[in-house]
Amino acid sequence: MRSHTGLRALVAPGYPLLLLCLLAATRPDPAEGDPTDPTFTSLPVREEMMAKYSNLSLKSCNISVTEKSNVSVEENVILEKPSHVELKCVYTATKDLNSMNVTWKKDDEPLETTGDFNTTKMGNTLTSQYRFIVFNSKQLGKYSCVFGEKELRGTFNIHVPKAHGKKKSLIAYVGDSTVLKCVCQDCLPLNWTWYMGNETAQVPIDAHSNEKYIINGSHANETRLKIKHLLEEDGGSYWCRATFQLGESEERNELVVLSFLVPLKPFLAILAEVILLVAIILLCEVYTHKKKNDPDAGKEFEQIEQLKSDDSNGIENNVPRYRKTDSADQ
C-alpha cells in the first residue's frame, strides 16, 4: 500500500517536475551506444553497415611499375555509382626489395595506413593493394602508389563517366533550326541538363517554359537540344551536364549562327572581279574597232611624224658649214 501511495504522490498534480527529472535520469547516455554517433562501433552497427554495402559491385584495377619507369603510369577508373574499389600496384625490380617501401596518396596527400592496405614481397616483386568503398563525390580523385626514394609511382584517376559532344563548331543560319547532341558511352546518367553560357555564368535552359527549345533523346545515354528559329544572338557555348550518383560530368558544344549574306560575300567579290575584267576587255575591243574604222587617224599620225622629220632636217640644213683649212694656209 505504501508503494502505491508513493507512486500516486509522484503523479499527483503537485509533482510533475519531479517525474520529469526521474525520467531524464533513467534515459541512456548517447555516448554509450547511440547508433547515430560516429564513434559508436558496436558489432550490430558494423554488421548493418557491411550489409548495406555488401551488394555493391567490385571495381578492380592493376598497374605495373618498374625501376626503369621515368614517368607516372596512369590508369582511368570510371564509376557512376557507389562501388567497392580495389587498387593494386605491382613493382618489379632487379635488386633486393627489403629496403623498398611504398606509400599511398590521394591528390598528393598521404593516406593513413589502415587495415585496407596490404603489401607483400615475393622475390623481386612488391605488390601493394588498397581496397575501400567509394560512396560520394569527395572520394573521387587521383590515388597514387609511390615506391622508394625515387618516388616511382602509379596513379589511378577515379572519376565519373564523361559526356561527349561534337568537337567541331556547329554552323547554322538565321531562321533555321539545329540540334546539339551529347552522348555518354557505356553509362546511364540519372539526369541530363542543358546550359547556355553568357559572359559570366551558365544559364539553365528550361524547355518547358520556352517553346524555342526542345530537349529529348532516343536513349538514356544521350540527350538532344533542338533550337528553333535561330537568331545571330543564339550563337555561343552550350553545355550538356550528365548527373550520376557520384557526381556530374559536362561537355561543351559551340554553335555559330550566320546570316545568309555571309556565304554570299565570296561570291559577290568574285562577281565584282569578273565585271571589272569584262569591262576592261570591252573597252579594249571598242578602242581597237574604232581605230580600224578611222583610217584618217592613221594618216594624220603619219603626217605629224613627217612634219617632225622635215623640221629636224631643215634645222640641220640651215646650220652654217665651215671649211676646214690647213695650218699652212693660216
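Any value given below was found using the heavy atoms of this structure, including those in side chains, with hydrogens, waters and symmetry copies removed. These numbers were taken from a predicted model, which means no experiment stands behind them.
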Atom pairs and distances, side-chain donor-acceptor, residues 147-156, under 3.5 Å, sequence neighbours left out:
unit_1: Arg153; atom_1: NH1; unit_2: Asp108; atom_2: OD1; d: 3.3
unit_1: Thr155; atom_1: OG1; unit_2: Ser72; atom_2: OG; d: 3.1
unit_1: Thr155; atom_1: OG1; unit_2: Ser144; atom_2: OG; d: 3.0

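Using modelled atom types, one side-chain atom of Asn221 and one backbone atom of Cys184 make a donor-acceptor pair closer than 3.5 Å. In this structure, the side chain of Thr243 does not engage the main chain of Arg241 through any donor-acceptor pair within 3.5 Å.
In the hydrophobic cluster analysis, where Ile, Leu, Val, Met, Phe, Trp and Tyr join through side-chain heavy atoms closer than 4.5 angstrom, Val134 is grouped together with Phe117. Residues Trp192 and Ile215 do not share a hydrophobic cluster, clusters being chains of Ile/Leu/Val/Met/Phe/Trp/Tyr side chains in contact below 4.5 Å. One hydrophobic cluster holds both Val65 and Leu87 under the rule that ILVMFWY side chains link at heavy-atom gaps under 4.5 Å. Clustering ILVMFWY residues whenever any of their side-chain heavy atoms sit less than 4.5 angstrom apart, transitively, puts Met100 in the very cluster that holds Val73. Cluster annotation: Trp104 is not connected to Val90 through the hydrophobic network of ILVMFWY side chains, with a link wherever side-chain heavy atoms come within less than 4.5 Å.
The closest side-chain heavy-atom distance from Glu67 to Thr94 is below 4.5 Å. Side-chain contact between Asn76 and His159 is present, with heavy atoms from C-beta onward closer than 4.5 Å. Residues Arg131 and Leu58 are in side-chain contact: their nearest non-hydrogen atoms beyond the backbone lie under 4.5 Å apart. The closest side-chain heavy-atom distance from Val102 to Tyr91 is not below 4.5 Å. Taking the side chain as every heavy atom from C-beta outward, Lys162 and Glu251 never approach each other to under 4.5 Å. Side chains of Asn210 and Ile205 form no contact here, defined as non-hydrogen atoms less than 4.5 Å apart.
Glu273 CD to Ile275 CD1: the interatomic distance, rounded to the nearest 0.5 Å, is 11.0 Å. Rounding to the nearest 0.5 Å gives a distance of 10.0 Å between CG of Leu276 and CD1 of Ile281. For the atom pair CG (Leu230) and CG (Leu255), the distance works out to 6.0 Å, reported to the nearest 0.5 Å. Rounded to the nearest 0.5 Å, atoms CG (Leu140) and CG (Asn157) are 11.0 Å apart. Atoms CG and CZ, from Leu79 and Phe135 in turn, are 13.5 Å apart once rounded to the nearest 0.5 Å. For the atom pair Ile227 CD1 and Trp194 CH2, the distance stands at 8.0 Å (nearest 0.5 Å).
The nearest pair of heavy atoms linking Glu232 to Ser259 is OE2-CB, 3.7 Å. Residues Val203 and Asn198 come closest through the heavy atom pair CG2-ND2, 3.4 Å. Closest of all the heavy-atom pairs between Lys166 and Leu170 is NZ-CD1, 3.6 Å. Scanning both residues, Lys226 and Ser177, for their nearest heavy atoms gives CE-CB, 4.2 Å. Here the closest heavy-atom approach between residue Pro189 and residue Ala220 is recorded as CD-O, 3.6 Å. Contact between Ala93 and Asn124 at its shortest, heavy atoms only, is O-CB, 2.8 Å.
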(request) Could you check Leu231 against Val257 for side-chain contact (heavy atoms from CB on, under 4.5 Å), going step by step and ending with a plain yes or no? (result) CA-CA 7 Å; Leu231 303 174; Val257 181; 6.0 Å; no
(request) Please step through side-chain contact (heavy atoms from CB on, under 4.5 Å) for the pair Lys88 and Thr127, ending with a clear verdict. (result) CA-CA 7 Å; Lys88 183 185 294 184; Thr127 303; 3.8 Å; yes
(request) Take Asn253 and Cys182 through the side-chain contact (heavy atoms from CB on, under 4.5 Å) test and state the conclusion after the steps. (result) CA-CA 9 Å; Asn253 296 265; Cys182 282; 3.4 Å; yes
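Shown here is Lys142, whose NZ atom has no more than 12 heavy atoms of other residues, nucleotides or ligands within 6.0 Å. Other residues, nucleotides and ligands place more than 12 heavy atoms under 6.0 Å from the NZ atom of Lys121. With a 6.0 Å radius and a threshold of 12 heavy atoms from other residues, nucleotides or ligands, Glu112 has its CD atom at or below the threshold. Remark: Asp186 CG is loosely packed, at most 12 non-hydrogen atoms of other residues, nucleotides or ligands lying under 6.0 Å away.
Between Tyr130 and Tyr143, the ring-plane angle classifies as tilted under the 30° and 60° cut-offs.
The residues Arg252 and Glu250 are annotated as not salt-bridged, no charged nitrogen and carboxylate oxygen being separated by less than 4.0 angstrom.
Applying the disulfide (SG to SG under 2.5 Å) rule to pairs touching residues 110-158 yields Cys89-Cys145, sequence neighbours excluded.
Residue Asp234 is tested with Lys228, Lys212, His229 for a side chain to side chain donor-acceptor pair (under 3.5 Å); the sole match is Lys212.
Between the side chains of Glu254 and Ser169, no donor-acceptor pair of N or O atoms lies under 3.5 Å.
Evaluation of the side chain to side chain contact (heavy atoms under 4.5 Å, CB included) rule for Glu222 yields Lys181, Val183, Ser218, His219, Arg224 as partners, not counting sequence neighbours.
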